[in-house]
Number of protein chains: 2
Amino acid sequence: MSRTPPQPDAPVPSPPRRRGPRGDAADTRGAVLAAARSRFAEHGYDGTKLRDVAADAGVDVALVSYHFGSKDGLFSAAMALNVNPAKFVEELTRDGVDGLGERLVRRLLGLLDDRGTPFVAMVRSAATNERAAVLLREFVQREVLGRLAAAIDAPEPELRAALTGSQVVGVIMARYIVRVQPLADADPETLVAAIGPTLQRYLTGAVVT
Amino acid sequence: MSRTPPQPDAPVPSPPRRRGPRGDAADTRGAVLAAARSRFAEHGYDGTKLRDVAADAGVDVALVSYHFGSKDGLFSAAMALNVNPAKFVEELTRDGVDGLGERLVRRLLGLLDDRGTPFVAMVRSAATNERAAVLLREFVQREVLGRLAAAIDAPEPELRAALTGSQVVGVIMARYIVRVQPLADADPETLVAAIGPTLQRYLTGAVVT
DNA sequence: GTCTATATATGGATAGAC
DNA sequence: GTCTATCCATATATAGAC
């Protein structure tokens with residue numbers, strides 16, 4: 001197998017770009033960011049080429065470097081989350097700890113099922129790129145699991161948070177990246193029923209002997 | 001951050017290699033395979049360079065191509081599992097279905113905790129490389145989860161198998177790749193107690209409403 | 001701000017001497 | 001079987017004209 005042959009997602013037949021400032025809304029930066037999110041989510045950090053991002057955004061490659069300095073800079077900017085972790089956790093825990101696991105799964109799937117979310121990109125990139133792994137670890141641990149652990153009240157909060165994170169990451173890998181059936185195409189509520197109790201136990205149940 | 005600066009795992013001070021057949025055991029092929037497993041596990045498919053593999057093995061780069069034809073060929077050879085899935089599942093299910101979840105976790109951690117196992121390489125590579133993703137999906141689904149689903153006797157065996165797989169992959173990501181604490185350094189038996197019941201429920205419990 | 005052209009680096013693969 | 005030398009493709013980054 002020829003190692004994922006050079007297949008640009010869409011051949012992008014090099015649309016004739018005219019010179020000078022763009023006539024339209026001209027938010028080059030925004031267009032590049034959107035394209036980058038999608039690319040990073042699909043192919044991970046190393047698999048994403050600046051040329052493809054530029055082509056998707058309909059701008060020249062050089063502009064990417066111009067606006068974001070480097071591929072790293074682009075990645076950082078693209079990963080800036082569009083959801084507020086604090087608000088996210090607050091909404092989940094607002095109604096108490098009962099059914100928290102189910103609510104967490106439901107909310108997460110709702111967030112991830114509409115494509116291109118930065119989180120999928122982070123998980124994908126984390127597998128091969130050290131920078132992405134650090135970002136993911138720090139973000140998940142501090143911004144999400146830390147808050148979650150603080151909100152519940154049980155012994156060994158860090159372990160509980162990590163266990164919860166492991167199941168969440170596993171679902172993301174299985175459903176969105178590796179696409180194991182029937183999990184990949186399962187109805188969201190099926191997964192809520194199946195996985196919710198797991199997270200509930202990790203968060204509030206008996207996890208250590 | 002300069003995107004994982006060019007840091008070979010060990011600087012490898014280019015040991016003076018003499019010409020002609022190796023005087024020692026001379027299992028060049030085996031040495032290359034071992035090095036490849038370790039590299040693929042550490043850096044994934046795309047992150048692994050033939051030059052590094054060759055350096056680790058103490059042989060010339062050209063020999064890698066000579067023996068395995070291409071990077072793809074090397075990957076396939078390296079991924080040839082050193083554990084027999086059929087035997088693995090048989091041993092797990094031999095004593096019945098009680099405590100199956102715990103036994104599965106315990107056996108898995110025992111397998112993965114001594115480094116460089118091909119499975120970590122597959123998970124890591126699957127995130128960005130399509131070939132690795134296909135290999136992982138097919139292997140896990142057919143060789144492991146399929147047998148496991150057949151061995152237990154419960155409705156919706158495929159969903160159960162996939163759910164089990166998701167938690168397993170999640171632990172691998174969290175413990176070996178992203179290294180989320182305290183899960184990364186947790187005592188194996190702690191994880192057996194924490195995660196075993198989850199798998200037990202996925203395999204034999206009530207997972208759908 | 002945007003483009004062209006190019007420097008620079010990297011990594012897989014091959015030809016051919018030994 | 002092993003090594004040297006090299007080709008070639010790919011990709012990031014930058015210089016400088018417009």
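Labels below follow one simple rule: chain letters A, B, ... track the order of the sequence lines, proteins then strands, and each chain is numbered from 1. Just so it is clear, the values below take in all heavy atoms, side chains as well, and ignore hydrogens, waters and symmetry mates.
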Once you round it to whole Å, what is the distance between [atom2] of [N] and [atom1] of [X]?
{"X": "A/D60", "N": "C/dA5", "atom1": "CG", "atom2": "C1'", "answer": "11 Å"}
{"X": "A/Y66", "N": "C/dG1", "atom1": "OH", "atom2": "C1'", "answer": "6 Å"}
{"X": "B/L50", "N": "D/dC7", "atom1": "CG", "atom2": "P", "answer": "20 Å"}
{"X": "B/R39", "N": "C/dG11", "atom1": "CZ", "atom2": "P", "answer": "11 Å"}
{"X": "B/K71", "N": "C/dG12", "atom1": "NZ", "atom2": "C1'", "answer": "8 Å"}
{"X": "A/D46", "N": "C/dA9", "atom1": "CG", "atom2": "C1'", "answer": "15 Å"}
{"X": "A/H67", "N": "D/dT14", "atom1": "NE2", "atom2": "P", "answer": "15 Å"}
{"X": "A/L63", "N": "D/dT14", "atom1": "CG", "atom2": "P", "answer": "15 Å"}

*asked:* According to side chain to side chain donor-acceptor pair (under 3.5 Å), who are the partners of A/S125, at least two apart in sequence or on a separate chain?
replied: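 Partners of A/S125 by the side chain to side chain donor-acceptor pair (under 3.5 Å) criterion come out as none, since no residue qualifies.
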_Once you measure the plane-to-plane angle for A/Y45 and A/F40, does it fall in the parallel (<30°), tilted (30-60°) or perpendicular (>60°) bin?_
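Parallel.
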*asked:* So that I can tick it off, tell me whether A/R94 and A/E90 are bridged by a salt bridge, with the cut-off set at under 4.0 angstrom between side-chain N and carboxylate O.
replied: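 Salt bridge flag = yes for A/R94 with A/E90.
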*asked:* Tell me whether A/R107 is salt-bridged to A/E91, with the criterion being a basic N under 4.0 Å from an acidic carboxylate O.
replied: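 Between A/E91 and A/R107 there is a salt bridge, with a charged N closer than 4.0 Å to a carboxylate O.
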*asked:* Please report the interatomic distance CZ(B/R160) to CG(B/L145), rounded to the nearest 0.5 Å.
replied: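 Reported to 0.5 Å precision, the distance equals 13.5 Å.
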*D/dT2 phosphate, OP1 or OP2, under 4.0 Å from B/T28 side-chain N/O*: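 B/T28 to D/dT2 OP1/OP2: side-chain N or O found under 4.0 Å.
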*Could you pull out the closest heavy-atom pair between B/S65 and B/L50, with the gap in Å?*
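It is OG-CD1, 4.4 Å.
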*Using heavy atoms to find the nearest nucleotide of DNA chain D for A/K49 and A/G69 separately, return the residue whose nucleotide is more 5′.*
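Upstream on the strand: A/K49.
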*With axes from five pairs an end, tell me the bend angle of the helix from C/dG1-D/dC18 to C/dC18-D/dG1, nearest 10°.*
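Taking five pairs per end, the axes differ by 10°.
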